[in-house]
Asks: 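Below is the structure I would like to discuss, written out as structure tokens.
Each chain gets a letter, A, B and so on, in the order the sequences are listed, and its residues count up from 1.
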Amino acid sequence: ASAKLGRIAKREVLDENLNVYLTRFGYMPSATDDAVGALRTEESVRNAIKEMQEFAGIPATGKLDDRTIKLMNTPRCGLPDKSRQTSGRRKR
Amino acid sequence: YSVRHIKWHRTDLTWSLRTTQFQDQNLRSYDVRYVISKALDVWSKHSKLTFAEVDSDRADILIYFHRKDHGDNFPFDGRGIILAHAFFPTGQEGVSVDVHFDADENWTTSGSSDLGTNLFMVAAHEIGHSLGLSHSNVEGALMYPWYTEMKNGFEYELPEDDRLGIQSLYGARDEKKRERIPHYPHQPTYYRPTTTTTTTTTTTMRPVTRPHHKYPYDPRNPYGKHPHDPRNPYGYYPNRSDKSPQKPMHPSKKHHYYPTGSNPDHKPDKKHYTPGYDPNRKSTATRQDYPLVTKRPYTKTVKPHHRNQPHVTHIPTERTTRYVPKEYPGEPPPDTCDTSYDAIAVIRKELFIFKDRYFWRIGDNGLVEKNYPAEITRLWKDFPKNLTHIDAVYERPDGHIAFFIGDKYYLFAGLRVVPGYPKPITDLGLPVSLKKIDGAMVWGHNGQTYFYSGDMYWRFDESVQKVELDYPRNMAMWNGVGTDIDAVFQWKDGRTYFFKGKGFWKFNDQRMSVEHVEQKPSGPFWMGCKQNYEENGLNQK
């Protein structure tokens, strides 16, 4: 587990993964949804992390602490937690 | 909890598993259907919702297994973080919603997460979405987005948060007004096409729920209670204490309420009429009244039961009856390449072949040769030390392994016997006169469990752990197999194989007949032994 945590803690990978993760699960607007998306500030990312931490019921530090990294490595449902994305799909 | 406020306007929903090939994942279709049905039960138990399985892409909830990008803007990521997703109801009649599982995950259908990612748990969560529930931020709730282990396996109870959520959408189940119909996945409610002629001819799908004059409509039970009532999608009495008359339909009747004519559980028609089946048998008969099934002496050719059944030539076997267990003091293990088999089953995705007090195992890399055949008690230590053989074995849909020895059966949870076992096979509803069963399997064609003994077979209802009332029936239904089989099982290819003597038949589940009249020798095919025979079997040896 610590090896896994060590791997994910690599900063360059983390930034990329973090953005994808937060966007995918509805904590940050995607770049296409929001023109500001391309200009994300550290503050907005911190708030998104905080929002996710609150939702998950772990301490809302706004930082990528061990519990948050562990949470992000936990298998989960692919639907967003916050309904920023359209998730309805019609068939027939 | 969090709801979408767009919900289904009906509470009687249908579902269908649309992915049926699981070659890469070692999943079996009927296992997945069973797990999905249990996941649906989690929700229906606490709401007014009912679910019926249909074989149609027009079902309300369609279930698929996909890989990577599959065209819905929610690509899967291979094995790992994202397990599945589902879509919310649209609120419009006739619009289906999808539930997608990541085919790359290491799914397990066993009800616990020991062997992989628990499909039951993930399915129950995703079905929550397809009913209109969003993610909950309550840790421990089923709709919590991150994967957590469920308690109690298939007996999982919906947490309060989810219960309140589903009841806010569909209301709580009123037990007094509504008799619960047991949902059993292996008896899908097929939608029968009916043709309506107006100016043009159109084909519509509607459920088989028409009132029938033989079975008066009972508003308390719209599905019908009689097993032959066409409104009853289950084929058995939903309420086992029901004492209503049981009068099977005469074979000459042309009513045929089932989608295909190849299933042995269908009413016998002229083509499938079996001499051993008494259509006029009254309901006063109990299971114990069924005739004694006795082993016949070995004969080289079995007389066909009817004109369509070919004469069957058997490969000689050194053993014709095992009613009285033999003792094997110091007897050497059987010859791997030259023996008959007592029982065969796929257990935990590995093939186990049993003979006398030994067994072989065949995994993905073929026969495990080192230290095999091994004594059965080496792996399943809770058997008595003087174990001489087992008669039949199969892995139940709930993951337990049932071994049959004489008139008793053992239930194992993995390698340990379940406390209280062995129990007499009469506990399963089999007749007292029955001394042993020859084979047991979960049939891939319909996911039902079958027991075989002599010239009879039974269908077994796993939900109530009893054989069904309309059985036994005659083995002639399994055309070409004959009687007194040694073993039967469904292999990973989804096909059924019957064994007798030193040979086997591959069975065609659609045509209900063996694919080759002559047996094929077992050793070369199953054990990888050197082929000492000409191409096709024993007569050309």
Side-chain angles (χ1 to χ4, degrees), chain A residues 1 3-5 7-9 13-14 16-33 37 48-60 64-92, chain B residues 2 4 6 18 57-62 64 66 71-77 79-92 94-102 105-106 113 117-118 121-122 125-126 128-130 133-148:
Chain A
K4 270 188 182 175
L5 291 179
R7 277 202 298 278
I8 200 162
V13 180
L14 195 61
E16 176 66 24
N17 286 349
L18 181 63
N19 284 342
V20 170
Y21 194 96
L22 293 173
T23 305
R24 170 149 201 172
F25 298 116
Y27 296 102
M28 279 204 316
S30 68
T32 51
D33 288 348
I49 295 172
K50 209 170 175 181
E51 203 179 344
M52 181 177 72
Q53 289 166 330
E54 280 170 1
F55 193 90
I58 63 176
L64 270 180
D65 48 28
D66 284 353
R67 285 192 70 172
T68 309
I69 292 170
K70 190 178 173 191
L71 180 80
M72 289 172 64
N73 281 310
T74 305
R76 57 160 291 155
C77 173
L79 284 194
D81 304 329
K82 305 282 178 180
S83 54
R84 284 200 171 100
Q85 296 181 16
T86 308
S87 52
R89 181 184 181 229
R90 293 178 180 183
K91 186 136 185 168
R92 183 160 67 87
Chain B
S2 170
R4 294 280 294 186
I6 298 175
R18 304 314 297 166
D57 58 6
R58 297 179 181 184
D60 296 318
I61 300 170
L62 302 173
Y64 296 88
H66 287 307
D72 62 3
N73 288 329
F74 291 92
F76 287 127
D77 57 349
R79 188 171 293 189
I81 304 295
I82 297 170
L83 305 175
H85 54 241
F87 297 91
F88 296 106
T90 62
Q92 295 171 34
V95 179
S96 306
V97 298
D98 283 10
V99 175
H100 295 168
F101 295 94
D102 187 348
E105 297 297 334
N106 179 29
S113 300
T117 306
N118 187 340
M121 192 198 107
V122 178
H125 175 100
E126 299 305 332
H129 288 312
S130 68
L133 290 165
S134 297
H135 282 152
S136 166
N137 61 358
V138 175
E139 198 173 355
L142 178 56
M143 295 313 293
Y144 188 68
W146 288 276
Y147 180 94
T148 46

Asks: Could you give the distance from CG (B:L83) to CZ (A:R76), rounded to the nearest 0.5 Å?
Replies: 9.5 Å
Asks: If you count heavy-atom pairs within less than 4.5 Å of chain A, which of B:H129, B:H125, B:E139 leads?
Replies: B:H129
Asks: So how far is it from A:R24 CZ to B:I81 CD1, rounded to the nearest 0.5 Å?
Replies: 11.0 Å
Asks: Rounded to the nearest 0.5 Å, what's the gap from NE2 on B:H135 to CZ on A:F25? Could you check?
Replies: 8.5 Å
Asks: Determine the minimum heavy-atom distance between A:P80 and B:F74, stating which atoms define it.
Replies: CD-CE2, 4.0 Å
Asks: Quick check for you: to the nearest 0.5 Å, what is the distance between B:Y147 atom OH and A:C77 atom SG?
Replies: 13.5 Å
Asks: How far apart are the closest heavy atoms of B:W146 and A:T74, and which atoms are they?
Replies: CD1-O, 3.8 Å
Asks: How close do A:P75 and B:G80 get, heavy atom to heavy atom, and via which atoms?
Replies: CB-O, 4.0 Å
Asks: Among B:P145, B:S136, B:S2, which one satisfies side-chain contact (heavy atoms from CB on, under 4.5 Å) with A:D81?
Replies: B:P145
